[in-house]
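Structure record follows, encoded as structure tokens.
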There are 2 protein chains.
Amino acid sequence: MTDRLPGTRVSNGYSAWRLIAEELRVEIGDGRLSPGDRIPTGKTLAERFKVNRHTARQAIAALAEERLVESRRGSGTFVLGDAVRVHRIGLRTRLSNSLHEQPSASATGRVLHSELENPPADIAERLRINGGKAVRVETSRFTGGQAISVGTHWFDAERVPGIAADIERTGSVTAALAASGIKDYVRTSTSVGARHATALEASLLSLGPGAIVLVTEALDSLPDGTPLQYLVSRFAAQRVRLDIEHPRID
Amino acid sequence: MTDRLPGTRVSNGYSAWRLIAEELRVEIGDGRLSPGDRIPTGKTLAERFKVNRHTARQAIAALAEERLVESRRGSGTFVLGDAVRVHRIGLRTRLSNSLHEQPSASATGRVLHSELENPPADIAERLRINGGKAVRVETSRFTGGQAISVGTHWFDAERVPGIAADIERTGSVTAALAASGIKDYVRTSTSVGARHATALEASLLSLGPGAIVLVTEALDSLPDGTPLQYLVSRFAAQRVRLDIEHPRID
DNA sequence: CAAAGTTGTCTATTTTTCTAGACAACTTGT
DNA sequence: ACAAGTTGTCTAGAAAAATAGACAACTTTG
């Protein structure tokens with residue numbers, strides 16, 4: 001009965017409980033609700049968001065499933081923890097030595113796939129490849145069984161021929177580059193964006209569909225400026241923050 | 001009829017067309033689909049995502065509403081543009097001088113609200129406020145009529161007493177600090193995360209509910225290390241990427 | 001000009017989500 | 001012990017989303 005402009009959708013593609021759950025997640029994430037706090041009751045949330053109590057309860061159930069909150073019958077629903085890992089981005093960023101500030105944060109990596117192929121134009125330009133082939137390596141990284149990020153690495157195939165096999169063997173890009181005789185490299189540019197995870201990313205990072213990924217695009221170069229690796233990483237935004245390393249002032 | 005574990009929700013809170021739209025947005029964003037390209041037909045998308053053609057069409061309609069694609073009857077649906085702005089983060093990051101690489105990117109700011117209040121514990125600690133009050137200023141920034149970010153700024157009320165009025169008057173944090181006799185400051189730490197926009201943020205940034213924001217938390221300090229401003233900015237992820245400035249190697 | 005393929009629009013139906021109300025099970029404070 | 005407030009569970013119905021099919025309007029290709 002509600003007439004609307006043709007082509008105008010009536011909803012925004014998010015169910016009511018999902019929007020409520022995300023709103024609560026923000027309050028937990030930014031400290032308005034701290035671990036141990038009791039969150040508003042189902043009745044209160046229903047009034048606040050103008051939905052039925054059942055709908056509000058579904059939002060809570062979703063957060064409970066993520067172990068972000070815990071409901072106790074008769075007493076209320078309480079914030080558990082807010083475990084976000086921190087990934088440092090700086091001059092000598094390597095995936096292997098980041099993810100610190102964690103008790104036992106030993107990150108392990110896996111090569112999912114590697115391929116020799118013609119690089120897309122923008123990547124060829126960044127790596128200064130003129131007509132040659134590139135190696136694309138797909139990786140994923142874990143800490144404590146938990147998938148943290150997936151990465152797409154591009155290398156000039158002529159510059160580092162055996163890179164894919166070396167990464168596969170050593171489980172580390174840094175070690176693989178060392179095997180090719182490259183002992184030092186620095187990050188020359190990084191840019192950060194965010195978007196919804198694709199279905200593939202969601203499955204690799206064990207996220208629900210529609211979860212958010214932080215996307216970093218970075219270029220690593222030799223100290224002399226020769227581009228070495230172009231890297232696109234996707235982090236589960238629910239679980240990581242990126243910490244940017246600013247230079248010291250002396 | 002489908003029996004499921006108690007408490008297990010049947011859906012993920014995202015409608016089918018929303019997930020398809022986000023998947024297509026990624027393909028446009030990362031260059032698999034470039035401006036001018038024809039995207040897969042409604043029929044093809046329906047088959048690929050195993051939904052009805054009407055559902056696939058709704059995903060296209062959502063992207064068309066954002067002017068990301070344009071449908072032409074009889075011929076197909078085509079990618080228009082992919083206008084993302086770049087915000088630079090570095091040692092001397094200021095909102096006013098960022099958003100470059102744009103033809104005429106003159107950012108303008110507005111103070112939405114300011115308040116003298118007792119700061120939350122974590123913010124008091126970062127600003128090294130011991131029991132005193134803090135000034136919280138809420139701002140928003142525009143480029144070309146388009147809202148780009150909203151910010152929450154915290155200052156030590158004793159250190160910079162008239163800051164709120166100065167920001168309101170000058171429309172710029174840098175200018176307001178200069179009015180308080182502070183002529184130079186540097187960024188000492190920045191961290192980046194991403195999450196869904198709250199309803200308030202969505203309305204301020206003219207985003208649909210459930211859109212994604214890039215959240216940066218930053219601390220600005222005087223050259224001697226005295227903390228000056230704690231700043232939480234939220235950028236519309238659809239429209240901006242953050243570009244991290246790495247130090248030159250000399 | 002005709003055929004094939006595309007987007008746009010309409011009706012009808014099924015499936016899922018949200019609402020509504022009631023009450024049980026449990027906890028907390030008086 | 002009791003009252004008030006909370007979460008958990010059930011039934012039923014209304015509203016919205018997704019499916020299904022048909023066909024019109026239009027473009028492109030042969």
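Sequence lines set the chain letters: A, B, ... in the order given, protein chains first and strands last, and positions in each chain run from 1.
Applying the 4.0 Å criterion to OP1 and OP2 of D:dA17, one finds that B:W17 has every side-chain N and O outside that range. Under 4.0 angstrom from either OP1 or OP2 of C:dG5 there lies no side-chain N or O belonging to B:T41. Taking only side-chain nitrogens and oxygens, B:R57 never comes nearer than 4.0 Å to OP1 or OP2 of C:dT6. The side chain of A:Q58 contributes no N or O atom lying less than 4.0 Å from OP1 or OP2 of C:dT17.
Checked for salt-bridge contact, B:R136 and B:E138 meet the test: a charged N lies under 4.0 Å from a carboxylate O.
Rounded to whole angstrom, the span from the NZ atom of B:K43 across to the C1' atom of D:dC23 amounts to 16 Å. Distance B:L63 CG to C:dT7 P: 13 Å, rounded to the nearest Å. Straight-line distance from the CZ atom of A:R38 to the C1' atom of D:dG5: 8 Å, rounded to whole Å. When the C1' atom of C:dT6 is taken as reference, atom CZ of B:F78 falls 9 Å away, rounded to whole Å. Atoms OH (B:Y14) and C1' (D:dA17) sit 17 Å apart, rounded to a whole Å. Atom-to-atom, CD of B:E65 to P of C:dG8 comes out at 13 Å; the value is rounded to the nearest Å. Between the CG atom of A:N12 and the P atom of C:dT17 there is a distance of 15 Å, rounded to whole Å. Look at CG on B:D37: it is 16 Å from P on C:dT6, rounded to the nearest Å.
In this structure, of C:dT27, C:dG8, D:dT7, it is C:dT27 that holds the atom nearest to the side chain of A:S75. Ranking C:dT28, C:dG8, D:dT7 by closeness to the B:R73 side chain, first place goes to C:dG8.
Using a 4.5 Å heavy-atom cutoff, the side chains of B:R110 and B:R141 are not in contact.
The residue among A:G74 and B:G74 whose nearest nucleotide of DNA chain C is located toward the 5' end is B:G74. When each of A:S15 and B:T77 is assigned the nucleotide of DNA chain C with its nearest heavy atom, B:T77 is the one assigned upstream, toward the 5' end.
Applying the salt bridge (Lys or Arg N to Asp or Glu O under 4.0 Å) test to residues at least two apart or on different chains, the pairs with a partner in residues 192-204 of chain B are B:R195-B:E201, B:E201-B:R234.
Annotation: B:E66, atom CD; neighbour count of heavy atoms from other residues, nucleotides and ligands within 6.0 Å is above 12.
Relative to the ring axis of A:F78, A:R72 places its NZ or CZ within 45° and under 6.0 Å from the centre.
By the 30° and 60° cut-offs, the orientation of the rings of A:Y14 relative to A:H196 is tilted.
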Just the atom pairs and distances: protein N or O near nucleotides 19-21 of chain C's N or O, under 3.5 Å.
{"unit_1": "C:dT19", "atom_1": "OP2", "unit_2": "A:N52", "atom_2": "N", "d": "2.9"}
{"unit_1": "C:dT19", "atom_1": "OP2", "unit_2": "A:T55", "atom_2": "OG1", "d": "2.4"}
{"unit_1": "C:dA20", "atom_1": "N6", "unit_2": "A:H54", "atom_2": "NE2", "d": "3.4"}
{"unit_1": "C:dG21", "atom_1": "O6", "unit_2": "A:H54", "atom_2": "NE2", "d": "2.7"}

N/O donor to acceptor pairs below 3.5 angstrom from side-chain atoms of residues 125-134 of chain B, sequence neighbours left out:
none

